[in-house]
Amino acid sequence: MRPLVAHIDLGALRHNYQLACRCAPQSRSVAVIKADAYGHGALECARALEADVPAFAVACIEEAISLREGGIKVPIVLLEGIFTADELALVDQYNFWISVHTEWQVAALLAFSPRQPIPVWMKVDSGMHRLGFSLDEAPDVWQRLVNAPQVTALHLMSHFATADAREGSYFNQQMTALTTLAESLDAPLCLANSPATLAWPIAHGDWNRPGVMLYGSDPLEEANEITRQLRPVMSLRSEIIALRELEEGEPVGYGGRWRASRRSKIAVVAAGYGDGYDRHAVDGTPVLVNGQRCAIAGKVSMDMLTVDVTDVPEAVIGSEVVLWGSASNGVVLPVDEVARYCDTISYTLLTGVLPRVPRRYHSAFA
Ligand SMILES: Cc1ncc(COP(=O)(O)O)c(C=O)c1O
(Lines give C-alpha, C1' and ligand atoms only; values in the text may rest on other atoms or scores of the structure.)
Protein backbone atom coordinates (compact mmCIF):
# COMPACT_ATOMS: atom_id res chain seq x y z
CA MET A 1 0.00 0.00 0.00
CA ARG A 2 1.12 3.55 -0.68
CA PRO A 3 2.54 4.78 2.61
CA LEU A 4 0.87 8.21 2.72
CA VAL A 5 -1.69 8.31 5.59
CA ALA A 6 -3.38 11.13 7.51
CA HIS A 7 -3.34 9.93 11.11
CA ILE A 8 -6.10 11.57 13.15
CA ASP A 9 -5.54 11.76 16.91
CA LEU A 10 -9.00 11.93 18.47
CA GLY A 11 -7.46 12.23 21.94
CA ALA A 12 -5.77 15.45 20.80
CA LEU A 13 -9.09 16.67 19.40
CA ARG A 14 -10.75 16.15 22.80
CA HIS A 15 -7.81 17.82 24.55
CA ASN A 16 -8.04 20.88 22.28
CA TYR A 17 -11.81 21.10 22.77
CA GLN A 18 -11.32 21.03 26.55
CA LEU A 19 -8.76 23.80 26.18
CA ALA A 20 -11.35 25.91 24.34
CA CYS A 21 -13.83 25.27 27.16
CA ARG A 22 -11.26 26.26 29.77
CA CYS A 23 -10.51 29.49 27.87
CA ALA A 24 -14.18 30.47 27.93
CA PRO A 25 -15.59 28.94 31.11
CA GLN A 26 -18.73 31.13 31.21
CA SER A 27 -19.58 30.37 27.60
CA ARG A 28 -20.77 27.21 25.87
CA SER A 29 -18.43 26.04 23.13
CA VAL A 30 -20.05 24.79 19.95
CA ALA A 31 -17.51 22.65 18.08
CA VAL A 32 -17.19 23.79 14.47
CA ILE A 33 -16.88 20.68 12.30
CA LYS A 34 -17.82 22.09 8.90
CA ALA A 35 -15.87 21.14 5.76
CA ASP A 36 -15.58 17.55 6.97
CA ALA A 37 -14.18 18.79 10.30
CA TYR A 38 -11.55 20.85 8.48
CA GLY A 39 -10.52 17.75 6.54
CA HIS A 40 -10.32 15.43 9.56
CA GLY A 41 -13.58 13.49 9.01
CA ALA A 42 -16.74 15.09 10.43
CA LEU A 43 -18.49 11.96 11.64
CA GLU A 44 -15.46 10.47 13.37
CA CYS A 45 -14.67 13.82 15.02
CA ALA A 46 -18.31 14.31 16.03
CA ARG A 47 -18.44 10.85 17.59
CA ALA A 48 -15.25 11.59 19.52
CA LEU A 49 -16.61 14.88 20.88
CA GLU A 50 -20.31 14.18 21.23
CA ALA A 51 -20.27 13.32 24.94
CA ASP A 52 -18.66 16.69 25.76
CA VAL A 53 -20.19 19.25 23.40
CA PRO A 54 -23.51 21.09 23.74
CA ALA A 55 -23.77 21.46 19.94
CA PHE A 56 -21.91 21.15 16.64
CA ALA A 57 -21.74 23.76 13.88
CA VAL A 58 -21.58 23.05 10.15
CA ALA A 59 -21.90 25.17 7.02
CA CYS A 60 -24.94 23.65 5.38
CA ILE A 61 -27.77 21.16 5.67
CA GLU A 62 -25.98 18.43 3.68
CA GLU A 63 -23.22 18.38 6.29
CA ALA A 64 -25.77 18.36 9.11
CA ILE A 65 -27.86 15.52 7.65
CA SER A 66 -24.85 13.27 7.19
CA LEU A 67 -24.02 13.75 10.88
CA ARG A 68 -27.59 12.96 11.96
CA GLU A 69 -27.76 9.95 9.68
CA GLY A 70 -24.47 8.87 11.23
CA GLY A 71 -26.16 8.82 14.62
CA ILE A 72 -25.17 12.22 16.06
CA LYS A 73 -27.90 13.31 18.46
CA VAL A 74 -26.74 16.64 19.92
CA PRO A 75 -27.96 19.93 18.38
CA ILE A 76 -26.39 20.91 15.06
CA VAL A 77 -26.43 24.52 13.91
CA LEU A 78 -26.26 25.55 10.25
CA LEU A 79 -23.87 28.52 10.28
CA GLU A 80 -25.09 29.88 6.94
CA GLY A 81 -28.67 28.84 7.55
CA ILE A 82 -30.82 27.59 4.73
CA PHE A 83 -29.93 28.06 1.06
CA THR A 84 -33.51 27.45 -0.18
CA ALA A 85 -36.84 27.76 1.64
CA ASP A 86 -37.69 24.08 1.23
CA GLU A 87 -34.77 23.17 3.51
CA LEU A 88 -36.90 24.33 6.45
CA ALA A 89 -38.87 21.08 6.33
CA LEU A 90 -35.59 19.18 6.82
CA VAL A 91 -34.47 21.58 9.54
CA ASP A 92 -37.71 20.74 11.34
CA GLN A 93 -37.51 17.01 10.65
CA TYR A 94 -33.90 16.67 11.87
CA ASN A 95 -34.16 19.24 14.69
CA PHE A 96 -31.42 21.51 13.42
CA TRP A 97 -30.70 25.03 14.63
CA ILE A 98 -30.25 27.73 12.04
CA SER A 99 -28.65 31.09 11.58
CA VAL A 100 -30.54 33.70 9.60
CA HIS A 101 -28.50 36.39 7.90
CA THR A 102 -30.74 37.83 5.19
CA GLU A 103 -34.31 38.98 4.68
CA TRP A 104 -35.58 36.14 2.47
CA GLN A 105 -34.54 33.62 5.15
CA VAL A 106 -36.55 35.52 7.76
CA ALA A 107 -39.58 35.71 5.47
CA ALA A 108 -39.35 31.97 4.71
CA LEU A 109 -39.05 31.12 8.38
CA LEU A 110 -42.01 33.28 9.36
CA ALA A 111 -44.11 31.67 6.61
CA PHE A 112 -43.23 28.17 7.79
CA SER A 113 -45.07 26.06 10.38
CA PRO A 114 -42.56 23.85 12.18
CA ARG A 115 -43.61 21.00 14.47
CA GLN A 116 -41.71 22.79 17.24
CA PRO A 117 -40.03 26.21 17.39
CA ILE A 118 -36.56 26.35 15.81
CA PRO A 119 -33.55 27.74 17.73
CA VAL A 120 -32.29 30.70 15.70
CA TRP A 121 -29.00 32.63 15.67
CA MET A 122 -29.61 35.97 13.98
CA LYS A 123 -26.46 37.08 12.25
CA VAL A 124 -25.41 40.71 12.41
CA ASP A 125 -22.74 42.34 10.28
CA SER A 126 -20.64 44.15 12.84
CA GLY A 127 -17.74 44.80 10.46
CA MET A 128 -16.81 41.57 8.66
CA HIS A 129 -19.03 42.75 5.77
CA ARG A 130 -19.72 39.23 4.59
CA LEU A 131 -23.04 37.92 5.99
CA GLY A 132 -25.59 39.42 8.34
CA PHE A 133 -28.06 42.22 8.93
CA SER A 134 -26.63 45.68 9.27
CA LEU A 135 -26.56 47.21 12.72
CA ASP A 136 -29.40 49.53 11.62
CA GLU A 137 -31.61 46.70 10.36
CA ALA A 138 -30.95 44.40 13.28
CA PRO A 139 -33.39 45.78 15.91
CA ASP A 140 -36.37 45.49 13.57
CA VAL A 141 -35.47 41.94 12.46
CA TRP A 142 -34.91 40.98 16.09
CA GLN A 143 -38.39 42.21 17.09
CA ARG A 144 -40.00 40.22 14.27
CA LEU A 145 -38.21 37.05 15.30
CA VAL A 146 -38.20 37.25 19.05
CA ASN A 147 -41.94 36.78 19.48
CA ALA A 148 -42.56 34.58 16.46
CA PRO A 149 -44.04 31.15 17.23
CA GLN A 150 -41.58 29.57 14.76
CA VAL A 151 -38.59 30.74 16.80
CA THR A 152 -37.01 29.83 20.11
CA ALA A 153 -33.72 30.57 21.87
CA LEU A 154 -33.00 33.58 19.68
CA HIS A 155 -29.36 34.74 19.85
CA LEU A 156 -27.39 37.49 18.16
CA MET A 157 -24.46 36.09 16.23
CA SER A 158 -21.55 37.87 14.60
CA HIS A 159 -18.10 37.06 13.22
CA PHE A 160 -14.81 38.89 13.75
CA ALA A 161 -12.56 40.02 10.92
CA THR A 162 -9.35 40.56 12.89
CA ALA A 163 -9.51 38.58 16.14
CA ASP A 164 -6.23 36.85 15.23
CA ALA A 165 -4.31 40.12 15.09
CA ARG A 166 -2.27 41.56 17.94
CA GLU A 167 -3.52 45.04 17.09
CA GLY A 168 -7.07 45.30 18.45
CA SER A 169 -8.63 48.52 17.18
CA TYR A 170 -10.93 46.98 14.56
CA PHE A 171 -11.83 44.11 16.89
CA ASN A 172 -12.75 46.65 19.59
CA GLN A 173 -14.88 48.58 17.11
CA GLN A 174 -16.84 45.41 16.24
CA MET A 175 -17.14 44.48 19.90
CA THR A 176 -18.44 47.91 20.95
CA ALA A 177 -21.08 47.86 18.21
CA LEU A 178 -22.21 44.38 19.25
CA THR A 179 -22.32 45.13 22.96
CA THR A 180 -24.41 48.24 22.37
CA LEU A 181 -26.83 46.32 20.16
CA ALA A 182 -27.08 43.33 22.50
CA GLU A 183 -27.75 45.56 25.50
CA SER A 184 -30.49 47.45 23.70
CA LEU A 185 -32.22 44.19 22.72
CA ASP A 186 -31.33 42.26 25.88
CA ALA A 187 -29.99 39.63 23.50
CA PRO A 188 -27.67 36.70 24.27
CA LEU A 189 -24.56 36.57 22.10
CA CYS A 190 -22.67 34.03 20.01
CA LEU A 191 -19.46 35.60 18.74
CA ALA A 192 -16.05 34.08 19.27
CA ASN A 193 -14.21 31.96 16.70
CA SER A 194 -10.91 30.31 17.74
CA PRO A 195 -8.78 33.46 17.89
CA ALA A 196 -11.41 35.35 19.88
CA THR A 197 -11.86 32.34 22.16
CA LEU A 198 -8.10 32.28 22.76
CA ALA A 199 -7.30 35.97 22.98
CA TRP A 200 -10.40 38.06 23.68
CA PRO A 201 -12.35 37.04 26.81
CA ILE A 202 -14.63 40.04 26.32
CA ALA A 203 -16.01 38.30 23.20
CA HIS A 204 -16.80 34.93 24.73
CA GLY A 205 -20.53 35.66 25.03
CA ASP A 206 -23.11 32.98 25.79
CA TRP A 207 -21.78 30.73 23.03
CA ASN A 208 -18.41 30.62 21.32
CA ARG A 209 -17.55 28.84 18.07
CA PRO A 210 -14.02 27.43 18.01
CA GLY A 211 -12.99 25.75 14.78
CA VAL A 212 -9.37 25.55 13.74
CA MET A 213 -7.97 25.43 17.29
CA LEU A 214 -9.81 22.13 17.82
CA TYR A 215 -7.52 20.63 15.20
CA GLY A 216 -4.40 21.94 16.92
CA SER A 217 -3.66 24.94 14.75
CA ASP A 218 -2.74 28.22 16.43
CA PRO A 219 -4.73 31.01 14.75
CA LEU A 220 -3.05 33.87 16.60
CA GLU A 221 -0.48 36.16 15.03
CA GLU A 222 1.57 35.63 18.18
CA ALA A 223 1.47 32.34 20.14
CA ASN A 224 0.59 32.54 23.84
CA GLU A 225 0.77 30.13 26.77
CA ILE A 226 -2.62 28.62 25.84
CA THR A 227 -1.94 28.09 22.16
CA ARG A 228 1.32 26.37 23.06
CA GLN A 229 -0.79 23.66 24.73
CA LEU A 230 -2.66 22.84 21.50
CA ARG A 231 -1.89 19.38 20.11
CA PRO A 232 -1.86 18.52 16.41
CA VAL A 233 -4.79 16.31 15.45
CA MET A 234 -3.72 15.44 11.91
CA SER A 235 -0.28 13.99 11.28
CA LEU A 236 0.35 13.57 7.57
CA ARG A 237 2.92 10.82 7.33
CA SER A 238 4.58 9.08 4.42
CA GLU A 239 7.86 7.35 3.68
CA ILE A 240 10.96 7.61 1.54
CA ILE A 241 10.42 5.54 -1.61
CA ALA A 242 13.73 6.26 -3.40
CA LEU A 243 17.12 7.89 -2.76
CA ARG A 244 19.47 9.71 -5.17
CA GLU A 245 23.07 10.91 -4.85
CA LEU A 246 23.68 14.20 -6.69
CA GLU A 247 26.92 15.91 -7.60
CA GLU A 248 27.38 19.60 -6.85
CA GLY A 249 25.43 21.68 -9.38
CA GLU A 250 22.93 18.97 -10.38
CA PRO A 251 19.22 19.96 -10.33
CA VAL A 252 16.15 18.18 -8.93
CA GLY A 253 12.66 17.90 -10.38
CA TYR A 254 10.55 20.04 -12.73
CA GLY A 255 12.34 23.13 -13.97
CA GLY A 256 15.41 22.20 -11.95
CA ARG A 257 14.39 24.74 -9.32
CA TRP A 258 16.74 23.34 -6.67
CA ARG A 259 20.39 22.71 -7.42
CA ALA A 260 22.84 20.87 -5.21
CA SER A 261 25.33 23.28 -3.64
CA ARG A 262 27.44 20.29 -2.54
CA ARG A 263 27.38 16.51 -3.00
CA SER A 264 23.85 15.77 -1.81
CA LYS A 265 21.47 12.95 -0.97
CA ILE A 266 17.88 13.46 -2.12
CA ALA A 267 14.94 11.44 -0.80
CA VAL A 268 11.81 10.94 -2.89
CA VAL A 269 8.69 10.91 -0.71
CA ALA A 270 5.26 9.54 -1.60
CA ALA A 271 3.15 12.73 -1.26
CA GLY A 272 2.31 15.41 -3.79
CA TYR A 273 -0.22 17.97 -4.87
CA GLY A 274 -2.46 15.12 -6.09
CA ASP A 275 -2.85 14.34 -2.39
CA GLY A 276 -3.46 17.95 -1.44
CA TYR A 277 0.09 18.82 -0.40
CA ASP A 278 0.54 22.43 -1.53
CA ARG A 279 2.70 22.78 -4.63
CA HIS A 280 3.56 26.33 -3.57
CA ALA A 281 5.90 24.84 -0.95
CA VAL A 282 9.23 26.59 -1.51
CA ASP A 283 12.69 25.05 -1.23
CA GLY A 284 13.39 24.89 2.48
CA THR A 285 9.83 23.96 3.53
CA PRO A 286 10.36 21.72 6.56
CA VAL A 287 9.49 18.02 6.83
CA LEU A 288 10.55 15.51 9.47
CA VAL A 289 12.61 12.51 8.34
CA ASN A 290 12.91 9.97 11.14
CA GLY A 291 11.84 12.84 13.39
CA GLN A 292 14.64 15.15 12.20
CA ARG A 293 13.95 18.41 10.43
CA CYS A 294 14.88 18.40 6.74
CA ALA A 295 13.94 20.66 3.85
CA ILE A 296 12.02 20.24 0.61
CA ALA A 297 14.34 20.52 -2.39
CA GLY A 298 12.67 21.10 -5.75
CA LYS A 299 9.09 21.57 -6.92
CA VAL A 300 6.34 19.38 -5.50
CA SER A 301 5.03 16.93 -8.14
CA MET A 302 1.60 15.30 -8.32
CA ASP A 303 2.48 12.14 -6.39
CA MET A 304 5.96 12.84 -5.02
CA LEU A 305 8.11 15.45 -3.42
CA THR A 306 11.85 15.59 -2.89
CA VAL A 307 13.77 16.30 0.31
CA ASP A 308 17.42 17.05 1.00
CA VAL A 309 18.55 14.35 3.44
CA THR A 310 22.30 14.89 3.02
CA ASP A 311 22.64 15.43 6.77
CA VAL A 312 20.53 12.43 7.78
CA PRO A 313 22.78 9.43 7.05
CA GLU A 314 20.26 7.02 8.57
CA ALA A 315 17.58 8.03 6.01
CA VAL A 316 16.78 4.91 3.98
CA ILE A 317 13.95 3.67 1.81
CA GLY A 318 11.02 3.21 4.17
CA SER A 319 12.10 5.95 6.62
CA GLU A 320 9.18 7.87 8.09
CA VAL A 321 8.51 11.33 6.65
CA VAL A 322 6.10 13.71 8.38
CA LEU A 323 4.68 16.48 6.24
CA TRP A 324 3.01 18.08 9.29
CA GLY A 325 1.93 16.91 12.71
CA SER A 326 3.85 14.61 14.99
CA ALA A 327 6.52 12.05 14.23
CA SER A 328 6.79 8.63 15.91
CA ASN A 329 9.56 10.03 18.13
CA GLY A 330 7.20 12.78 19.39
CA VAL A 331 8.79 15.69 17.48
CA VAL A 332 6.10 18.02 16.13
CA LEU A 333 6.09 19.97 12.89
CA PRO A 334 3.21 22.48 13.23
CA VAL A 335 0.91 22.75 10.23
CA ASP A 336 0.99 26.52 10.77
CA GLU A 337 4.72 26.55 10.07
CA VAL A 338 4.33 24.54 6.86
CA ALA A 339 1.53 26.89 5.81
CA ARG A 340 3.82 29.92 6.10
CA TYR A 341 6.32 28.30 3.71
CA CYS A 342 3.44 27.73 1.26
CA ASP A 343 2.23 31.32 1.62
CA THR A 344 -1.11 30.08 2.91
CA ILE A 345 -2.90 29.22 6.16
CA SER A 346 -3.39 25.96 8.04
CA TYR A 347 -7.09 25.95 7.08
CA THR A 348 -6.31 25.41 3.39
CA LEU A 349 -3.70 22.71 4.07
CA LEU A 350 -5.98 20.75 6.42
CA THR A 351 -9.14 21.04 4.31
CA GLY A 352 -7.07 20.39 1.19
CA VAL A 353 -6.00 16.81 1.99
CA LEU A 354 -7.76 14.88 -0.74
CA PRO A 355 -9.92 11.74 -0.39
CA ARG A 356 -7.11 9.75 -2.00
CA VAL A 357 -5.26 9.98 1.33
CA PRO A 358 -6.62 7.41 3.80
CA ARG A 359 -7.50 8.74 7.27
CA ARG A 360 -6.55 6.48 10.16
CA TYR A 361 -8.17 7.21 13.52
CA HIS A 362 -6.46 6.78 16.88
CA SER A 363 -7.85 7.55 20.31
CA ALA A 364 -4.37 8.17 21.69
CA PHE A 365 -1.65 8.60 19.13
CA ALA A 366 2.13 8.28 19.41
C1 LIG B 1 -19.39 31.75 11.29
C2 LIG B 1 -18.18 31.03 11.74
N3 LIG B 1 -18.00 30.78 13.04
C4 LIG B 1 -16.90 30.13 13.50
C5 LIG B 1 -15.93 29.70 12.64
C6 LIG B 1 -14.71 29.01 13.20
O7 LIG B 1 -13.58 29.81 12.93
P8 LIG B 1 -12.12 29.31 13.36
O9 LIG B 1 -11.85 28.09 12.56
O10 LIG B 1 -11.22 30.44 12.97
O11 LIG B 1 -12.20 29.05 14.80
C12 LIG B 1 -16.06 29.96 11.27
C13 LIG B 1 -15.01 29.52 10.35
O14 LIG B 1 -14.78 29.98 9.30
C15 LIG B 1 -17.22 30.63 10.81
O16 LIG B 1 -17.39 30.89 9.51
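All residue numbers in this chain count up from 1 along the given sequence. Order of appearance sets the numbers: ligands from 1, and atoms from 1 within every ligand. Since the structure is predicted, the reported quantities are computational estimates derived from the model, not experimental observations.
Among protein heavy atoms, atom 3 (N) of ligand 1 sits closest to Arg209 NE, 2.8 Å. Considering only non-hydrogen protein atoms, atom 9 (O) of ligand 1 sits nearest to Tyr38 OH, 2.6 Å. At the shortest separation from atom 15 (C) of ligand 1 among protein heavy atoms lies His159 CE1, 3.4 Å. In terms of protein heavy-atom proximity, atom 16 (O) of ligand 1 is nearest to Lys34 NZ, 3.3 Å. Annotation: atom 10 (O) of ligand 1 to nearest protein heavy atom, Tyr347 OH, 2.7 Å. Protein heavy atom in closest approach to atom 11 (O) of ligand 1: Ser194 OG, 2.5 Å.
Using a 4.0 Å cut-off between heavy atoms, Arg130 contacts ligand 1 through its side chain alone, with no backbone atom that close.
Not a single heavy atom of Met213 sits under 4.0 Å from any atom of ligand 1.
Salt bridge present: Asp283 and Arg257 bring a charged side-chain N and a carboxylate O closer than 4.0 Å. A salt bridge is defined here as a Lys NZ or Arg NE, NH1 or NH2 lying under 4.0 Å from an Asp or Glu carboxylate O, and Arg293 with Glu337 meets this definition. Salt bridge annotation for Arg68-Glu63: absent, with no cationic side-chain nitrogen under 4.0 angstrom from a carboxylate oxygen. A salt bridge is defined here as a Lys NZ or Arg NE, NH1 or NH2 lying under 4.0 Å from an Asp or Glu carboxylate O, and Asp275 with Arg2 meets this definition. Classification of Glu248 and Arg262 as a salt-bridged pair fails, no side-chain N sitting under 4.0 Å from a carboxylate O. Between Arg356 and Asp303 there is a salt bridge, with a side-chain nitrogen of the basic residue lying less than 4.0 Å from a carboxylate oxygen of the acidic one.
Atoms CD1 and CH2, on Ile98 and Trp121 in that order, are 12.0 Å from each other to the nearest 0.5 Å.
Remark: Phe83 engages no residue in a ring-ring contact (aromatic ring centres under 6.0 Å, His included) (not counting sequence neighbours).
Considering backbone and side-chain atoms together, Pro210 places no N or O closer than 3.5 Å to any N or O of ligand 1. The distance criterion of under 3.5 Å between nitrogen or oxygen atoms is not met by Val32 with respect to ligand 1.
Ranked by closest heavy atom to atom 7 (O) of ligand 1, the top entry among Asn208, Asn193, Val30 is Asn193.
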